[in-house]
Asks: 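Shown below is the structure under consideration.
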Amino acid sequence: MDTSDRLNDRSILAARCHEIQLSLGTTEVTEFEALTEIGMAVRLALHIRGLPDVDFQVLKQVSQYFLNIPLLAVERIVKLLAEAEMVQISTEGNTIKKVIPTVPYYDDLYDRMGEYATTQRKFNEAEQLATYLVDRLSESPEIVDSLKQRCGAESKLFDRNLKIGLEGSYLVSERYRGKSIVFTPTYFSENGEVFADAVACQGSGSVRKLLNAIKSYQGYPLSIIEAKKNIGEIEITDGQIALLKRLSQDAAIKPPSIETSHAGINYFLFTPTPYSNSLGPKKREIYEKAMAVVAAIRQGELLPRRYAIRSPRAVIYKLRYDLKLGKATTEFAEQYRNLVHLRVGRLISIGGRYYHFEIIDTPENNEALEIAYDLIYMGEAGGMEIDDDARFALQQDQKYVESIISSNDLRRRESVKLSHQEQLNLEALFVGGNLK
Amino acid sequence: MIKDRPQKSKMLRYVVSKGWFPQLEVLVTPQIPTSSKDKHLTDIDLLAFVVDEIKGYRRILIDCKTRQSDSAINRAIWLKGLMLQEDAERGICILKKKFIERDHRIHAANLGVILLTEEEIDTYSNATGVIRDEPIACMADIENWENYYQSFKRNYALAAALDFHKTGFWLCGDSGEAARKVIALGLQLSGELSPDKKEHVAVVGDLLSLFIHATSVVVSRIFTGYLHPERKQDLADALLLLLYGGRDAYEFRNKLQKLVRSKYESDGELPDLTLPEWDRFLNLVRSGLDAPLEFAITPLIIREIAFSQLASENNYNYVERKCNEYRHILKYSIMGAEYFIKATRMPHEFLSFYKERLMSSIKKQKGEENSKDATYSLRRKESDKLFE
């Protein structure tokens, strides 16, 4: 599907508004109104989904502190959610007292918000272009000049929009091989330089095709791709294989690997972690555990010695609900060793080389298994954009929230994020001093 | 077009034939500049570097003058002043005159300057054992230097590389600083360089040759001071002080970088300032200590490969000849390229190109050795072992 068609899918439109707003944070853009509103509404809805009634004062403070929604805008956003039938409001006179979330589950949230956006709000040219750019770039980085030609927008509007994106941090532009490459940090902050370089070298079409292939088969082993030159039914070129090898050799964040006595070391490939630019350390650890689970299962499915996994989904389902696998085998020790190191599970010897595998029952491990299931079933995991601290705070009373906000220890530090080029320049400055 | 071209062309061939590292048209700027704009005082027509066991390189300044009115002794005295500033031991001055006074010649010789008329260049070359007629190397052809300078006119983003090639590198107070600055420049330009463009391959090769040139002096200083340091830490400590100009300067820069980094790298202990890919650099320098004189010759073959990209016809005979003559330089070239291209985050295809180009010179020699004598064969086998 072409990007312009994709944006007709209402849920994608709402998702892109959310991604833009998430990166913008507290930055205000004069050209954006409906986009900001929808983005904030999605963000708030995601965080109150499934909660019991929330005190409005608590909601206001948490929204401002954790979700970057300005205090004055919270009431407007809550009323928007009420119009979109995602919350019920309890009032006393004109004052909102309680908010009762009725946010739909699954992608229905995005779908309903997208429907609201297209029927009740009108996106201006700048907003349409911004959502188009972010959607296009969610699949692969692009060469700026090609993107400009492809989107067909007026040059001035494109340049202004690109500038807003760069200043608002929802787009990043770097120079690779003499070309300006633009990408969205929501999807490509992890190993972004490797993908951007590949786009400068092979073009965005090749990278997009490759990532879509991996998305349809998350955790596919590199050795099989190298040998068969395909992922499922999709053919993979030598250039694309070179990119995959580079990810496993030179990238800052390497894919998980498993070493077995019968198949050697194998790397299991995933699309870049979404929202990795805004993931907290806890969430990142959970995602890493999920990838390790998928890798272990793909090892059993595609590179077994004797006991092949026929249904990866069934195995994850069993681990999630029974917290163990049915029978012991001689392959578990090597196959699940990484999961023992990551404290996802334990191996129990029953004699000889036979081992049972059991999950350590913690909320984090259960969440990792759910993400692993989503990765195998749908190719992507939801919920990465949710701030668990915010959800926790929403369930506390006002006193507690105020104590969090006023506590210096828990105050979030604004950290300076440097782009790839800024890091290179800084390194060059320390190493070389002032260059003549 | 380069000024005084015929004289420079002849002297460039002469320098390369002698196995000296050539650098055309170096701009000399004030040691303490006061103007906000870069203004150069004068230029050196040709700078040659002769490998030296103690210093790494000795410098020879070559001055080419086509005005007949130039006084021979005036030029010699002027060149002596420049030699003092540039720490050069010898100078050669080429004049467009039919005749040079004998007193001028003798006085100039006492100052370390050789005065030659245009016609005498050939006699001098022949007498000092230089073959003049056959093509020597791509970097000995002045046209390739003109092509190199021309290529920057088409790419403004790389202008810093030309400035550095002509001025910045030669302005550095010491070789440690020069080595650091080449890496820093490489880091800054890495996003602009594309391996698909021949001129860019030449720019990378030129920067690499300058990096090895500077590192070679560092190697030579470590060699004369420590011979072969026994522990890695000893080598690392010595190198950091040489690279950053002493303990005080290093500590200051190290503290400053930690202070800045602490603002954007919140977790864990901040690492000390070194060079990018530090372990690889240590390995390169340690390896260079095995044969420091050959390390000093290495920049020649890198620059030759770089300039062969600018020539109308690629010719790697010079590279093959040098690799045949010196057993270590192939290894040093590959290690230097690996370090420099990884440290500056340049696209890996640059490394593949230089590596393949260098390795193919071995393969060619291997083919030749079947028809040559057994001694030569034994020597190549030893060299091959290095790459297994």
Side-chain angles (χ1 to χ4, degrees), chain A residues 141 143-144 172-183 191-203 238-239 242-243 245-247 249-252 277 280-281 284-285 411-436, chain B residues 27 29 33 38 155 157-158 160-161 163-164 166-172 177-197 200 243-245 249 253-254 256-258 260-261 263-267 273-276 342-350 352:
Chain A
I143 298 166
V144 172
V172 174
S173 175
E174 308 275 9
R175 297 280 292 169
Y176 289 90
R177 298 171 191 246
K179 296 170 188 159
S180 292
I181 308 291
V182 61
F183 58 92
N191 298 330
E193 69 282 0
V194 178
F195 290 107
D197 186 53
V199 167
C201 179
Q202 305 170 14
D238 288 341
L243 166 61
K245 281 170 108 173
R246 206 176 149 201
L247 279 175
Q249 286 162 4
D250 298 338
N277 55 330
R284 184 176 297 281
E285 192 187 325
R411 185 167 293 157
R412 291 173 171 199
R413 201 172 64 146
E414 278 290 323
S415 61
V416 183
K417 281 182 186 157
L418 299 183
S419 71
H420 173 69
Q421 190 58 47
E422 284 168 337
Q423 284 180 26
L424 287 185
N425 287 346
L426 200 64
E427 195 170 355
L429 190 65
F430 285 124
V431 167
N434 189 27
L435 282 174
K436 276 274 175 190
Chain B
L27 302 176
T29 53
D38 279 343
N155 197 337
L158 300 181
D163 280 350
F164 191 73
K166 282 192 164 186
T167 321
F169 184 79
W170 315 105
L171 262 185
C172 293
E177 184 190 346
R180 283 189 289 111
K181 287 204 161 163
V182 192
I183 296 169
L185 181 66
L187 280 166
Q188 284 188 345
L189 294 181
S190 58
E192 300 296 338
L193 294 161
S194 169
D196 301 335
K197 296 182 181 168
H200 291 199
L243 287 168
Y244 286 96
R253 206 182 276 246
N254 190 26
L256 193 64
Q257 69 98 19
K258 281 189 175 178
V260 175
R261 281 192 167 182
K263 298 291 174 201
Y264 65 93
E265 285 177 27
S266 48
D267 301 330
L273 177 67
T274 51
L275 286 184
K342 284 186 190 239
T344 53
R345 327 270 209 286
M346 286 183 186
H348 58 93
E349 289 89 343
F350 284 121
S352 309

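The structure presented is a predicted model; accordingly, all values stated were derived computationally and were not measured. Below, read A as the first sequence line, B as the second, and so on, with proteins coming before strands; counting in each chain starts at 1.
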Asks: Tell me the closest heavy-atom pair linking A:Asp197 and B:Pro347, and the distance in Å.
Replies: OD1-CG, 4.4 Å
Asks: Within this structure, what is the OG-OH distance for the pair B:Ser190 and A:Tyr176, rounded to the nearest 0.5 Å?
Replies: 8.0 Å
Asks: Is the shortest side-chain heavy-atom distance between B:Gln188 and A:Asn425 below 4.5 Å?
Replies: yes
Asks: When rounded to the nearest 0.5 angstrom, what is the spacing between CZ in A:Phe430 and CG in B:Asn254?
Replies: 10.0 Å
Asks: With rounding to the nearest 0.5 angstrom, report the CZ to CG distance, A:Arg175 to B:Leu189.
Replies: 11.0 Å
Asks: A:Leu429 versus chain B, heavy atoms under 4.5 Å apart: side chain, backbone, both or neither?
Replies: backbone
Asks: Search all heavy atoms of A:Gly432 against all heavy atoms of B:Ala184 and return the closest pair with its distance.
Replies: CA-CB, 3.6 Å
Asks: Quick one: of A:Glu174, A:Glu193, A:Arg246, who has the most non-hydrogen atom pairs under 4.5 Å with chain B?
Replies: A:Arg246
Asks: Using 4.0 Å as the upper bound for N to carboxylate O, is an ion pair formed by A:Lys179 and B:Glu192?
Replies: no
Asks: Can you check whether B:Glu349 reaches A:Arg177 side chain to side chain, under 4.5 Å on heavy atoms?
Replies: yes
Asks: So what's closer than 4.5 Å to chain A heavy atoms on B:Leu273: side chain, backbone, both or neither?
Replies: side chain
Asks: Identify whether the distance between the nearest side-chain nitrogen and carboxylate oxygen of B:Arg261 and A:Glu427 falls below 4.0 Å.
Replies: no
Asks: Which bit of B:Tyr244 is near chain A, if near means a heavy-atom gap under 4.5 Å: side chain, backbone, both or neither?
Replies: side chain
Asks: Determine the option with the most heavy-atom pairs under 4.5 angstrom with chain A, choosing from B:Leu275, B:Ile183, B:Leu256.
Replies: B:Leu256
Asks: Taking all atoms of both residues into account, what is the closest heavy-atom pair of A:Leu424 and B:Arg345, and its distance?
Replies: CD2-CG, 3.8 Å
